[in-house]
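Structure, as structure tokens:
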Amino acid sequence: MSQISLTFPDGNIRIYAAGVTAAEVAMSIAPSLAKAAISAQLDGAHWDLQWPIPQSAKISINTLKDEAPALELIRHDCAHIMARAVQEIWPDVKVTIGPVRDYGWFYDFDRAEPFTPEDLGAIEAKMKQIINAREPVRTEVWDRARAIAYYEERGEPFKLELIARIPEGEDLRMYWHGGWQDFCRGPHLAHTGQVPADGFKLTHVAGAYWLGDASRPMLQRIYGLAFKNREDLKAHQLMLEEAAKRDHRKIGREMELFHLQEEAPGMVFWHPNGWTIYRQLEDYMRGRQKAAGYREIRTPQVVDRVLWEKSGHWEAYRENMFIVEVDEDGAKEKRINALKPMNCPCHVQVFNQGLKSYRDLPLRLAEFGSCHRYESSGSMHGLMRVRGFTQDDAHIFCTVDQIQQECADFIELLSSVYKDLGFTKFDIKLSTRPDVRVGSDEVWDKAEDALQKAIERLALPYTINPGDGAFYGPKLDFKLTDAIGREWQCGTFQCDFNTPVRLEAEYVGEDGAKHSPVMLHRAILGSFERFIGILLENYAGKLPFWLAPRQVVVASIVSDADDFVTEIVTELRRAGVRAEADTRNEKINYKVREHSVGKVPVILAIGMKEVEERSVAVRRLGETRVETISLASAIATFGLEALPPQH
RNA sequence: GCCGCAGUAGCUCAGCUGGUAGAGCAAUUGCUUCGUAAGCAAUGGGUCGGGGGUUCGAGUCCCUUCUGCGGCACCA
């Protein structure tokens with residue numbers, strides 16, 4: 001029998017017989033290590049304790065103290081234990097797959113009856129039994145025929161389909177504990193007792209298509225959370241509660257920003273406070289884009305189908321469009337229009353008016369374009385996914401040679417805007433040519449190269465998504481990270497070689513001949529609706545002063561101060577501050593609480609002392625400290641703070 | 001669109017096995033003028049998402065529809 005040498009993390013080298021298992025290796029070092037072991041790292045690969053080690057390698061033994069492998073195994077074993085628990089309770093339920101995901105796992109089942117919350121409790125109890133039994137997890141390699149026979153006998157069609165998808169000749173690894181088994185590539189824990197019985201929690205049930213395919217059966221997916229111990233689980237559950245408190249739908253109600261109602265699903269009714277935020281954001285963007293050389297336009301929302309047929313939307317995007325039929329005077333047939341789902345075709349119409357020269361390029365046309373898309377009912381979500389929205393859209397008409405500069409300028413604008421809005425971290429994704437595409441390879445080469453060079457010149461990190469570009473050109477997507485680490489794709493920069501040709505956009509080149517320009521679709525915020533949702537969640541409603549709908553509330557402590565309160569509000573408004581008076585017959589405690597809950601950044605409390613001194617007591621949101629300053633300096637301070645970021 | 005769950009006063013929610021709706025907050029009114037996160041009291045307010053059915057009788061059961069929520073699919 002041949003020998004192998006295993007190198008340990010401390011540099012030690014030991015000799016073993018080939019085929020030794022990691023469990024045996026651990027035992028050879030110390031029985032206590034063998035007992036604590038959960039898996040091994042073999043040349044960096046996650047290795048099951050029971051798998052034979054074929055050749056010399058670097059090895060380290062993992063225990064539950066090794067965070068990453070421990071969590072992966074705990075979650076993966078939870079999936080198996082849950083599947084077993086379910087089948088022990090309901091033997092007719094068919095099992096499918098159960099992968100690890102962030103913070104936990106899920107497992108998809110096929111069962112006629114829906115799982116109820118009470119069922120989840122029963123499953124959890126059964127899982128705890130299995131865990132407490134500390135049953136050893138065993139594994140062996142089966143050949144395909146044996147595995148197929150096994151699952152045919154058990155009547156598990158989904159498992160059989162999974163087996164059929166595994167390439168011929170590959171062995172199947174079976175895992176089992178107790179009388180229950182599943183085929184799985186592993187690795188797994190050594191025994192079920194290594195899963196912390198109080199470190200997991202089943203959270204919810206949801207439908208999910210088999211293999212993610214909407215034409216396949218809908219299965220029931222049970223989600224669970226799993227951590228090393230109860231404390232970590234509790235901490236995570238607390239974090240989820242905190243995240244729920246930031247839900248923009250909840251904040252929107254509390255701050256009286258907007259509402260949605262069933263007569264207009266997916267369309268926002270903006271209230272005064274919410275519309276103030278919207279307008280601030282729009283005015284800010286207008287200023288930034290104007291300074292960056294964009295020219296603002298406005299195009300129709302209802303457009304005849306003829307244009308959509310020309311642009312290709314009628315064929316490719318019709319099911320997502322709101323159609324408007326009109327009885328025209330004297331016409332035999334109804335005229336069919338569509339609410340625009342995108343602005344690009346209309347922007348080309350503006351470009352097409354009058355003869356354009358190469359001297360006009362790059363031409364940057366911007367529109368806060370109101371669009372409507374018929375989003376499927378299940379996909380709508382607060383402000384984040386709506387049917388009526390406004391994009392901070394612009395189209396840059398330019399030559400292929402101008403792409404790089406335009407791209408670099410755009411990224412600089414975008415990163416500056418994100419920074420102003422409180423987002424300092426964002427990722428860039430470059431999507432390159434798909435198999436099915438329009439345009440010559442030469443043009444694609446140039447465009448992809450231009451995008452890549454633009455990012456690299458700015459020394460920004462990025463990842464490439466090969467083949468993920470649109471059929472009409474390569475693109476960049478920008479994903480920002482919010483205060484609690486969630487990522488949102490907002491910005492985009494897309495090259496389009498197709499639309500200008502389809503819609504006959506042309507310019508006269510230096511050579512006197514007509515050429516098609518390249519069209520660059522770009523957005524920074526994406527949609528105002530969604531971006532405001534992101535802002536609200538990022539700031540948990542505590543917007544920076546310049547965006548806050550109500551910036552200052554001036555609250556009287558006694559009614560004899562009311563006149564001075566009115567005077568202060570008037571002066572603040574004159575200085576451009578969104579100020580309101582609160583002279584209600586309530587205690588200052590009550591007013592402070594209400595406006596704090598309402599996320600007003602500054603409360604000015606006015607009592608007789610302030611009246612006499614002509615001063616104000618300033619209390620900022622989130623602080624309990626109160627600072628008394630003169631009225632004049634308050635006007636100056638808040639007038640300045642109310643301005644949007646200056647450039 | 002699909003699976004599941006939900007839809008009761010402005011908001012949050014209670015209402016068991018069917019017998020004509022309840023709380024807290026908010027609102028209104030009165031009292032209180034009280035220094036930085038909810039002062040006291042009284043009063044008004046819903047026919048239980050819409051439609052249909054079962055029943056002597058339905059918020060409570062059934063069907064249907066809409067909307068919302070959690071996912072999945074979708075997001076050229």
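Please read these numbers as outputs of a predicted model, since none were measured by experiment. The analysis underlying the following values was restricted to heavy atoms, covering all of them including side chains, and did not include hydrogens, waters or symmetry mates.
For A:V592, the listed nucleotide lying nearest its side chain is B:A37; candidates were B:A37, B:G39, B:G35. Nearest nucleotide to the A:S376 side chain, out of B:C72, B:G1, B:U33: B:G1. In the set B:G35, B:A37, B:A73, the nucleotide with an atom closest to the side chain of A:S379 is B:A73. Closest contact between the side chain of A:H204 and the listed nucleotides B:U67, B:G1, B:G71 involves B:G71. With B:C72, B:C66, B:A38 as the candidates, the nucleotide lying closest to the side chain of A:E262 is B:C66. For A:S596, whose side chain is taken as the heavy atoms from C-beta onward, the closest listed nucleotide among B:G1, B:G70, B:A37 is B:A37. Closest contact between the side chain of A:Y223 and the listed nucleotides B:C72, B:A37, B:A73 involves B:C72. Here B:A38 is the nucleotide among B:G71, B:G4, B:A38 with the atom lying nearest to any side-chain atom of A:R593.
Across all strands shown, B:C48 forms no Watson-Crick or G-U wobble pair with both key distances under 3.5 Å. Figure legend. B:G30 is base-paired to B:C40; pairs are counted as Watson-Crick or G-U wobble with both atom distances under 3.5 Å. Across all strands shown, B:U20 remains unpaired; no Watson-Crick or G-U wobble contact has both distances below 3.5 Å. For B:C25, the paired nucleotide is B:G10, the pair qualifying as Watson-Crick or G-U wobble because both relevant distances are below 3.5 Å. Partner assigned to B:C69 is B:G4, using Watson-Crick or G-U wobble distances below 3.5 angstrom.
Of the residues listed (A:F106, A:W105, A:F109), the one engaging A:I222 in a side chain to side chain contact (heavy atoms under 4.5 Å, CB included) is A:F109, and it is the only one.
A centroid separation of 6.0 Å or more is found between the aromatic rings of A:F497 and A:Y472. Taking the six-membered ring for Trp and the full ring otherwise, A:F389 and A:F531 have centroids separated by 6.0 Å or more. Here the two rings, on A:F258 and A:H271, have centers that are 6.0 Å apart or farther. Here A:F528 and A:F368 bring their ring centres to under 6.0 angstrom of each other.
One can place CD1 of A:I557 at 12 Å from P of B:A37, the figure rounded to the nearest angstrom. Taking atom CZ on A:R584 and atom P on B:U29, their separation rounds to 13 Å, with Å as the unit. Taking atom CG of residue A:L260 and atom P of nucleotide B:G7, one finds them 20 Å apart after rounding to whole Å. The nearest whole Å value for the distance from the CD atom in A:E529 to the C1' atom in B:C75 is 16 Å. Between the CG atom of A:D213 and the P atom of B:A73 there is a distance of 10 Å, given to the nearest Å. Distance CD (A:E612) to P (B:G35): 14 Å, rounded to an integer number of Å. Distance CG (A:D110) to P (B:C72): 19 Å, rounded to an integer number of Å. Between the CE atom of A:M380 and the P atom of B:G70 there is a distance of 13 Å, rounded to whole Å.
The phosphate of B:G68 has neither OP1 nor OP2 within less than 4.0 Å of any side-chain N or O from A:R249. Within the structure, every side-chain polar atom (N or O) of A:Y590 is placed at least 4.0 Å from both OP1 and OP2 of B:G35. Between A:R253 and the phosphate of B:U12, there is a side-chain N or O to OP1/OP2 separation shorter than 4.0 Å. Proximity of A:S377 to the phosphate of B:G1: a side-chain N or O atom is located under 4.0 Å from OP1 or OP2. The phosphate of B:A73 has neither OP1 nor OP2 within less than 4.0 Å of any side-chain N or O from A:R221. Phosphate proximity of B:G70 to A:H381: present, with a side-chain N or O under 4.0 Å from OP1 or OP2.
Rounded to whole Å, the C1' atom of B:A9 lies 12 Å from the corresponding atom of B:G24. Look at the P atom in both B:G59 and B:C16: the space between them is 13 Å, to the nearest Å. The separation of B:G49 from B:G7, taken at their P atoms, amounts to 7 Å, rounded to a whole angstrom. Between the P atoms of B:G1 and B:U17, the separation comes to 32 Å (whole Å). Atom C1' of B:G18 sits at a distance of 33 Å from the matching atom of B:C2, rounded to the whole Å. Rounded to a whole angstrom, the distance from the P atom of B:A23 to that of B:U55 is 35 Å. Annotation: B:G44 and B:U8 have their P atoms spaced 23 Å apart (nearest Å). Between the P atoms of B:G15 and B:G39, the separation comes to 30 Å (whole Å).
Electrostatic pairing of A:R550 and A:E580 counts as a salt bridge here, judged by a charged N lying under 4.0 Å from a carboxylate O. One finds a salt bridge joining A:E567 and A:R614 here, because a Lys/Arg side-chain nitrogen approaches an Asp/Glu carboxylate oxygen to under 4.0 Å.
Among the protein residues, A:A617 comes within range of the nucleic acid bases, having at least one heavy atom under 4.0 Å from a base atom. Residue contacts shown for A:A214 are limited to sugar-phosphate atoms, with no base heavy atom under 4.0 Å away. Within 4.0 Å (heavy atoms only), A:K591 reaches no atom of the nucleic acid at all. Using a 4.0 Å heavy-atom distance criterion, A:E586 is classed as a base contact. Looking at heavy-atom distances under 4.0 Å, A:A605 makes contact with a base. Using a 4.0 Å heavy-atom distance criterion, A:G312 is classed as making no nucleic acid contact.
Along RNA chain B, the nucleotide closest to A:T624 and the one closest to A:N320 are compared, and the more 5′ of them pairs with A:T624. With the nearest nucleotide of RNA chain B identified for both A:R385 and A:E610, A:E610 has the one nearer the 5' end.
Interatomic distance, CZ of A:F158 versus OG1 of A:T96, reported as 7.0 Å (0.5 Å rounding).
Both tests hold for A:R111 against A:F115: distance to the six-membered ring centre under 6.0 Å, angle to the ring axis within 45°.
In this model, no side-chain donor or acceptor of A:Y209 finds a partner on the base of B:G71 within 3.5 Å.
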